[in-house]
Amino acid sequence: MEQIFADWRSLMVGIQLWLEGANPYASYPHPVFPGRMVNAGWYAYPPPTLFLFTPLALLPWPLSSAILLLASIIPFERWTRQTSLRTGLPWLLLWLPLAQGLWIGQTTLLALVALLWGERAAHERQDVRAAFLLALALLKPQIGIVPIAWLLLEALWQRRWRLPLAFTLINLVLWGGTALLAGPQIYVQWLGGLMNYDQFLPNRPLLFPPFGMILGALAVFFWYRHGRGDMFGLALLFNTLIYPLSVVYSASALAMVVIRWNPRWPWYPLILSWLIPMLVPLAQRTPDSIAGMTQAIIATALLTALLPQLPGQQRK
C-alpha cells in the first residue's frame, strides 16, 4: 500500500518545496519512505507545471489524488464510449501499463486525454480549445510530441492559421510567464535535473533489442490491417514506440490506438500483461532483461488489437 500514488505524492512535495523557496529539481526527502531521499531530477516536469499544479499541491494528498483520478478516468471513459461505443474500464483494470500508472499516481493518462480531446477539438474546428489542450499535453512530451506536431502541420497545410497561432501564444504564456514569475534560473534547474533523470530510468525506445523487431512487426501489421488512413493514430503509435523511455506506463497510448482502430477489441489478452511478470520473473535485472519484460507486457495491447473476440463477445 505504500506505493499508492507514490509518484503523485512526490510531485506534490516537489511543488510544496518550491513554494517554500527550494529547488524542486534537486534531491529532497521522500514523501513515502521516511529516511530516504528522492533522486535529483525526480520532478522531471517542465517548470510551467509548478504553477499549474500549485492549487492541487495545497490540498491534502488524498483529495488531490482523487481529483487526478477523476480528471483522468472520466474524460478517458467518455472518449472511449464515443469512439468505440464501449466502456474503457477493462483497459484501466486489466491492462498493466494503465493500471500501474493510475496506482502510482502518474499523470500519463491525464496528458493523453488532453491530447485526444485536443485532436477532436481540432477536427471540429474549435481551434482555441484544441490549442489549449495540446499545450497542456505538451507538458508531458513523451506521450504525444509527434501527434501534436502532425496536428499543427495539418492545420498549416489546410491554411487554418488560428490553431498554430493560438498554440504558439498559449505556450508563450505558459513557458515565458513561468520564466518571468519564477526567474530564468528555473529552466537551468530543470535541465540539470533532467541530466540526473536519465541515470535511473530505462532510456531505450521500445523498438530496440531484444524484442523490438517483433513489437515493430506487430505494430506494422496492426496499422496495415486497421489503421491505414489515420495519420494521427499512426503518429501516436510511432511516438509511443520510438520515445526513449521504456517504462511500462509510458506506453499507455497504445490502448488509445487499439480502441481507435479496432473498436471490436477483445478483453482477454489484456490479462496477459499481468501474467507475464508473474509467470516469467526476471532472474537477473539487466538492461536487456528489463527491456524484454517491458516489451512483452506492452505487446499484449497489440495482441488485443489482432486476436479475435470470444464467442459470447461477438456483436450481432
Side-chain angles (χ1 to χ4, degrees), residues 1-79 88-89 91-93 95-117 132-133 135-143 173-175 177-178 181-183 186 189-190 193-194 196-197 200-201 247-250 252:
M1 294 297 291
E2 291 178 326
Q3 293 292 337
I4 186 168
F5 300 123
D7 281 12
W8 179 252
R9 291 157 70 180
S10 299
L11 178 67
M12 294 294 98
V13 168
I15 296 175
Q16 291 166 2
L17 291 173
W18 173 71
L19 292 173
E20 295 171 0
N23 175 9
Y25 300 106
S27 180
Y28 52 84
H30 203 294
V32 180
F33 303 105
R36 290 172 54 179
M37 298 292 288
V38 168
N39 293 316
W42 186 265
Y43 190 107
Y45 291 88
T49 59
L50 294 168
F51 288 100
L52 291 175
F53 285 135
T54 286
L56 293 176
L58 298 176
L59 299 174
W61 76 262
L63 178 57
S64 67
S65 299
I67 293 173
L68 170 67
L69 283 179
L70 292 175
S72 303
I73 293 173
I74 292 175
F76 170 72
E77 174 67 4
R78 184 181 171 205
W79 178 87
L89 293 181
W91 283 95
L92 301 178
L93 298 174
W95 196 47
L96 180 56
L98 278 169
Q100 181 199 56
L102 293 176
W103 177 260
I104 66 176
Q106 262 290 318
T107 58
T108 302
L109 182 57
L110 182 66
L112 278 170
V113 296
L115 173 65
L116 294 170
W117 284 103
F132 178 73
L133 290 170
L136 292 181
L138 188 62
L139 294 175
K140 199 170 180 71
Q142 63 265 38
I143 62 94
V173 171
L174 287 174
W175 295 75
T178 298
L181 294 173
I186 195 67
Q189 295 171 349
W190 175 48
L194 289 180
N196 288 290
Y197 187 75
F200 55 89
L201 283 178
V247 292
V248 171
Y249 60 76
S250 69
S252 297

- Note on the structure: Here the gap from W95 atom CH2 to S252 atom OG, rounded to the nearest 0.5 Å, amounts to 6.0 Å
- Item | From CG (L89) to CG (L98), nearest 0.5 Å | 11.5 Å
Table please: side-chain donor-acceptor pairs of residues 46-58 below 3.5 Å, with sequence neighbours left out.
from : atom 1 : to  : atom 2 : distance (Å)
T49  : OG1    : Y43 : OH     : 2.9
T49  : OG1    : P46 : O      : 2.6
T54  : OG1    : L50 : O      : 2.4

- Message: Looking at every non-hydrogen atom in both residues, tell me the closest pair between I4 and R9 and how far apart they are.
- Response: O-NH1, 3.4 Å
- Task: Apply side-chain contact (heavy atoms from CB on, under 4.5 Å) to A111 and list each qualifying residue two or more places apart in sequence or on a separate chain.
- Result: K140, I143
- So, the side chain of W42 versus the backbone of Y25: is there a donor-acceptor pair under 3.5 Å, distance only? no
- At what distance, to the nearest 0.5 angstrom, does CG of D7 lie from CG of L11? 8.5 Å
- Specify the closest pair of heavy atoms between G14 and P24, including all atoms of both residues, with the distance to one decimal. O-CB, 3.5 Å
Donor-acceptor pairs are to be reported for all side-chain atoms of residues 63-78 against protein atoms at under 3.5 Å, with residues two or more places apart or in another chain.
from : atom 1 : to  : atom 2 : distance (Å)
S64  : OG     : W8  : NE1    : 2.9
S64  : OG     : W61 : O      : 3.1
S65  : OG     : W61 : O      : 2.7
S72  : OG     : L68 : O      : 2.8
E77  : OE1    : T87 : OG1    : 3.2
E77  : OE1    : G88 : N      : 2.8
E77  : OE2    : R81 : NE     : 2.7
E77  : OE2    : R81 : NH2    : 3.3
E77  : OE2    : T87 : OG1    : 2.7

- Nearest non-hydrogen partners of V113 and L110, listed with the distance: CG2-O, 3.0 Å
- Task: Kindly determine whether L138 and L174 satisfy side-chain contact (heavy atoms from CB on, under 4.5 Å), including the steps that lead there.
- Result: CA-CA 11 Å; L138 188 62; L174 287 174; over 6 Å; no
- Message: Between L139 and W175, does the side-chain contact (heavy atoms from CB on, under 4.5 Å) criterion hold? Intermediate values first, please.
- Response: CA-CA 10 Å; L139 294 175; W175 295 75; 3.9 Å; yes
- Message: So, taking the atom named CG in L194 and the one named OH in Y45, what distance separates them when rounded to the nearest 0.5 Å?
- Response: 12.5 Å
